[in-house]
Amino acid sequence: MLRQHGPARSAPRIEDYGMIGNLRTAALVNRCGSVDWMCVPRFDSPAVFANLLGSEEHGMWAFGPVDLGGTTPEVNRQRYLDGTLVLESTWLTPAGTVQILDFMPVGGGDAQLVRIARGISGCVPMRSLFRARPGYGRSVPPIVAEDGRARVDLGDGQLWLDAPVPVRAENGDLTAEFRLSEGETVAFSLSWLPGTDAPPVPDASRLLGGTQAFWRDWVSQSTYAGPDRDAVERSLITLKALQYEPTGAFVAAPTTSLPEEIGGVRQWDYRFCWLRDSALMVGVLLSCDYIEEARAWIDWLRRVVDGQPESLQIMYGVDGERELTEMELDWLPGFAGSTPVRIGNAAAGQLQIDVYGEVVEVLFQAQLHDPSLAPVVAPLITGLVGCLESVFDEPDMGIWEVRGSRRHFVHSKIMAWIAFDRAVQLTAAGHGDGPVERWSQIRDHLHEQICERGYDPERKTFTQSYGSRELDASLLHIVTSGFLPPDDERIVGTVEAIQRELSTQGGFLLRYPTEGADRGVDGLPGDEGAFLICMGWLIVALAAIGRTEEADIFKHQLLQIRNGLGLLAEEWDGATCQQLGNYPQGFSHLALVLASNATAAHPVSSGTR
């Protein structure tokens with residue numbers, strides 16, 4: 001029997017994966033050639049491959065060379081084809097060299113995954129081991145295989161596996177073995193469809209050409225002209241891949257329950273559309289002139305608000321679903337043994353006042369970018385700010401959606417100030433109908449209150465919440481909000497205090513202090529890594545207050561911790577030098593674009609380096 005390819009798997013690392021996607025769902029492919037995570041047909045559907053959070057018995061699709069003589073083949077290079085989301089893996093083996101292209105075609109309507117193997121030299125024995133396990137690895141589905149086509153019954157749809165070689169069914173798996181000689185190409189295609197009608201056999205070559213053309217055309221529209229263009233374009237492609245094209249919603253990440261601390265309990269489902277996250281993503285895409293993505297998201301927002309801004313949630317399903325019931329999957333042992341594995345998210349019911357500010361700000365910027373949007377966004381802004389009037393003075397759960405007690409978080413109050421300020425500006429410009437005088441009074445009241453109750457004059461810094469001594473990296477938002485001039489001593493003091501008290505190895509920032517085994521402000525035990533979006537905010541803040549050389553240094557720190565494919569998870573562990581949290585993370589990739597924009601706008605002065 002031929003043994004499956006790949007080195008003996010050591011402790012897994014989140015950054016050992018590449019992502020492919022089709023603007024409806026995504027899959028993660030590890031360096032050993034196995035698809036270990038894929039949900040169909042949507043980002044938030046149950047996974048059919050859940051090896052990422054368990055073992056091979058929970059579903060995966062291994063594809064690549066096999067070992068004939070005890071010498072382990074290894075990936076020589078893994079990269080994306082330039083300007084695309086097509087993943088190329090090059091394998092060197094004793095028998096020869098092969099390349100595998102993995103991608104998900106865009107625009108076909110239903111989920112497809114194509115794996116094309118190319119013979120580069122020699123004659124290499126290959127194997128495909130396909131193990132679908134619906135319901136996050138909980139069940140073994142009925143399968144039927146005949147020659148080069150197999151069908152897997154998922155109950156609510158069918159998976160069709162097509163191959164130009166015989167595929168046999170055994171013990172709930174689909175296996176194919178073949179040899180690949182120099183110049184030969186063998187393509188396997190996986191298609192999901194509702195119902196039981198068989199689809200036509202996919203044309204892998206045509207799908208590859210169309211997928212490459214789509215991504216290259218899309219990324220060519222970017223107007224970013226600063227340094228590190230390749231890195232910025234990779235982050236832009238990643239952000240685009242997190243958009244659910246049928247509605248325009250953006251998911252925070254395509255995964256659930258990747259740990260923020262290995263062996264800890266901080267595992268959450270990020271496969272939903274947070275208003276905050278998606279607003280910040282849209283803002284970054286707007287900065288590179290991607291107006292259609294903004295328009296699609298605004299249309300989605302109008303549908304979920306549906307004229308009732310008073311019922312606003314902080315997150316939704318990609319089709320606007322409101323019920324995101326949180327539960328634990330006790331049959332999955334978790335990534336690197338980190339449990340519980342959660343699906344759904346109870347934070348959907350929280351009060352997070354800052355969301356009003358992020359959403360209003362990006363709507364305001366969208367109509368500045370494209371004046372034709374003013375009549376579209378004006379009713380949204382005035383409706384949201386009208387609702388904000390009734391909650392802005394309440395304590396909330398904050399940007400980090402803590403699971404402890406509510407507080408008057410300073411960041412939330414600053415974002416409320418932004419919402420009232422932008423609504424006043426919009427209405428004064430004649431683009432809305434609202435009580436400008438009352439909103440101006442509330443805005444000024446908030447400004448005075450924040451400066452009085454949210455500022456520590458002894459330490460010369462704004463604090464996490466009214467009356468507290470703790471700091472919070474989200475306060476860096478204040479630097480570019482217009483709340484105070486960047487050279488105000490309270491702004492500079494806050495940046496310095498956050499660096500002093502929240503920095504970790506390499507200058508990366510914690511969100512706020514955690515309490516180890518004790519339950520801290522967030523109501524959770526354990527610790528976590530440095531949040532990468534906080535590094536992006538720091539770089540923007542440093543550039544704004546004139547510390548351009550420091551901003552540039554930290555930007556390069558952020559660039560250096562990306563994996564070889566240019567991808568970032570949510571957090572960074574400086575002690576073990578590995579990524580943590582859900583992956584790839586929209587927050588982290590928008591942070592990289594923010595940082596690059598800021599350092600391009602505020603270049604290091606000549607002669608200072």
Side-chain angles (χ1 to χ4, degrees), residues 19 21-28 37-47 50 52-53 111 135-136 238-260 266-283 285 293 296-306 311-329 340-352 354-356 358-359 362 397-403 531 533 569-571 581-590:
M19 178 187 73
N22 68 341
L23 307 183
R24 292 169 181 260
T25 188
L28 295 189
W37 182 255
M38 182 176 174
C39 304
V40 292
R42 302 187 342 177
F43 289 108
D44 56 353
S45 299
L52 181 72
L53 301 177
Y136 301 98
T238 304
L239 291 173
K240 174 62 176 176
L242 298 180
Q243 186 170 34
Y244 183 67
E245 188 178 50
T247 65
F250 285 86
V251 296
T255 58
T256 180
S257 297
L258 291 178
E260 297 173 16
R266 296 168 182 257
Q267 285 83 239
W268 314 106
D269 194 344
Y270 276 20
R271 298 170 299 154
F272 307 116
C273 185
W274 271 257
L275 296 189
R276 173 192 307 109
D277 299 46
S278 54
L280 293 175
M281 290 186 211
V282 168
L285 289 168
E293 282 66 28
W297 179 77
I298 291 169
D299 285 344
W300 172 84
L301 181 64
R302 292 170 69 192
R303 289 194 297 274
V304 299
V305 171
D306 193 26
S311 64
L312 192 74
Q313 292 189 177
I314 62 100
M315 74 171 91
Y316 297 85
V318 293
D319 203 25
E321 295 87 354
R322 301 177 66 89
E323 294 296 325
L324 306 178
T325 305
E326 186 174 304
M327 62 184 69
E328 298 179 3
L329 308 184
V341 171
R342 296 182 175 96
I343 60 170
N345 203 306
Q350 289 187 353
L351 174 63
Q352 298 175 16
D354 70 287
V355 166
Y356 291 91
E358 283 107 357
V359 172
V362 77
M397 312 305 278
I399 182 174
W400 307 126
E401 49 200 38
V402 299
R403 299 206 172 191
F531 251 64
I533 193 171
E570 185 176 32
E571 303 178 16
N582 283 306
Y583 170 91
Q585 176 76 10
F587 258 179
S588 301
H589 284 279
L590 74 86

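Residue numbers run from 1 in the order of the sequence given.
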Chemist: Could you go through the side chain to side chain donor-acceptor pair (under 3.5 Å) check for Gln585 and Tyr270 one step at a time?
Modeler: CA-CA 9 Å; Gln585 176 76 10; Tyr270 276 20; 5.2 Å; no
Chemist: Is there side-chain contact between Glu321 and Tyr316, with heavy atoms separated by less than 4.5 Å?
Modeler: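 A side-chain contact is absent here, since even the closest heavy-atom pair is not under 4.5 Å.
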Chemist: Contact between Lys240 and Glu293 at the side-chain level, heavy atoms closer than 4.5 Å - yes or no?
Modeler: yes
Chemist: Using the rule given for side-chain contact (heavy atoms from CB on, under 4.5 Å), can you reason through Glu358 versus Leu275, listing the C-alpha separation, both sets of side-chain angles and the distance that settles it, and then say yes or no?
Modeler: CA-CA 8 Å; Glu358 283 107 357; Leu275 296 189; over 6 Å; no
Chemist: Could you check if a side-chain atom of Asp44 sits within less than 4.5 angstrom of a side-chain atom of Phe272, using non-hydrogen atoms only?
Modeler: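 Contact flag for Asp44/Phe272 side chains = yes.
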Chemist: Given 3.5 Å as the limit, does a donor-acceptor pair link the side chain of Asn582 with the main chain of Trp268, or not?
Modeler: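 Checking the backbone N and O of Trp268 against the side chain of Asn582, a donor-acceptor pair under 3.5 Å is found.
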Chemist: Would you say Leu324 and Met315 make side-chain contact, with heavy atoms under 4.5 Å?
Modeler: yes
Chemist: Would you say His589 and Pro584 make side-chain contact, with heavy atoms under 4.5 Å?
Modeler: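 They are in side-chain contact.
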Chemist: Closer than 3.5 angstrom, by distance alone: can the side chain of Gln313 be matched with the main-chain N or O of Arg322 as a donor-acceptor pair?
Modeler: yes
Chemist: Could you pull out the closest heavy-atom pair between Ala252 and Asp277, with the gap in Å?
Modeler: CB-OD2, 3.6 Å
Chemist: side-chain contact (heavy atoms from CB on, under 4.5 Å), that's the test. Do Leu351 and Ile314 meet it? Break it down for me.
Modeler: CA-CA 8 Å; Leu351 174 63; Ile314 62 100; over 6 Å; no
Chemist: With side-chain contact (heavy atoms from CB on, under 4.5 Å) as the criterion, how do Asp319 and Arg42 come out once you've worked through the C-alpha distance, each side chain's angles and the decisive distance to 0.1 Å?
Modeler: CA-CA 10 Å; Asp319 203 25; Arg42 302 187 342 177; 3.5 Å; yes
Chemist: If you take all heavy atoms of Leu53 and Ser257, which pair is closest and at what distance?
Modeler: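 What the structure gives for the nearest pair is CD2-O, 3.9 Å.
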Chemist: Mind checking whether Met19 and Tyr583 have side chains closer than 4.5 Å, heavy atoms only?
Modeler: no
Chemist: Taking all atoms of both residues into account, what is the closest heavy-atom pair of Arg24 and Pro246, and its distance?
Modeler: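 Minimum heavy-atom separation between Arg24 and Pro246: NH1-CG, 3.5 Å.
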Chemist: Test your reading of the model: is there a side-chain donor-acceptor pair from Arg303 to the backbone of Thr247, 3.5 Å cut-off?
Modeler: yes
Chemist: Between Gln243 and Gly248 (side chain of the first, backbone of the second, donor and acceptor by atom type, cut-off under 3.5 Å), is there such a pair?
Modeler: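 Side chain of Gln243 to backbone of Gly248: a pair is present.
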Chemist: Short question: side chain of Ser278, backbone of Phe250 - any donor-acceptor pair under 3.5 Å?
Modeler: no
Chemist: If only atom types and distance count, is the side chain of Asp269 paired as donor or acceptor with the main-chain N or O of Ile343 below 3.5 Å?
Modeler: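 Here the side-chain-to-backbone pair does not exist.
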Chemist: Starting from the C-alpha separation in whole Å, work towards a yes-or-no answer on side-chain contact (heavy atoms from CB on, under 4.5 Å) for Leu285 and Trp297.
Modeler: CA-CA 11 Å; Leu285 289 168; Trp297 179 77; over 6 Å; no
Chemist: Does any part of the side chain of Leu242, heavy atoms only, come nearer than 4.5 Å to the side chain of Pro254, both counted from C-beta?
Modeler: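 Of all side-chain heavy-atom pairs linking Leu242 with Pro254, at least one is under 4.5 Å.
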Chemist: Side chains of Leu590 and Ile533: does their closest heavy-atom pair fall under 4.5 Å?
Modeler: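 Heavy-atom side-chain distance check passes, below 4.5 Å.
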Chemist: Has the side chain of Asn22 got a donor or acceptor atom that lies under 3.5 Å from a matching backbone atom of Thr25?
Modeler: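 Here the side-chain-to-backbone pair exists.
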Chemist: Tell me if a side-chain donor or acceptor on Gln350 pairs with a main-chain N or O of Val402 at a distance below 3.5 Å.
Modeler: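 Between the backbone of Val402 and the side chain of Gln350 there is a qualifying donor-acceptor contact (under 3.5 Å).
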Chemist: Verify, without hydrogens or angle tests, whether Arg342 (side chain) and Gln267 (backbone) share a donor-acceptor contact under 3.5 angstrom.
Modeler: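 Present.
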Chemist: Any side-chain donor paired with an acceptor under 3.5 Å for Glu401 and Trp274?
Modeler: yes
Chemist: So, Thr255 and Trp37: side-chain donor and acceptor under 3.5 Å apart, yes or no?
Modeler: no
Chemist: Quick one: does Ser45's side chain have a donor or acceptor within less than 3.5 Å of a partner on Cys39's backbone?
Modeler: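 A pair under 3.5 Å: no.
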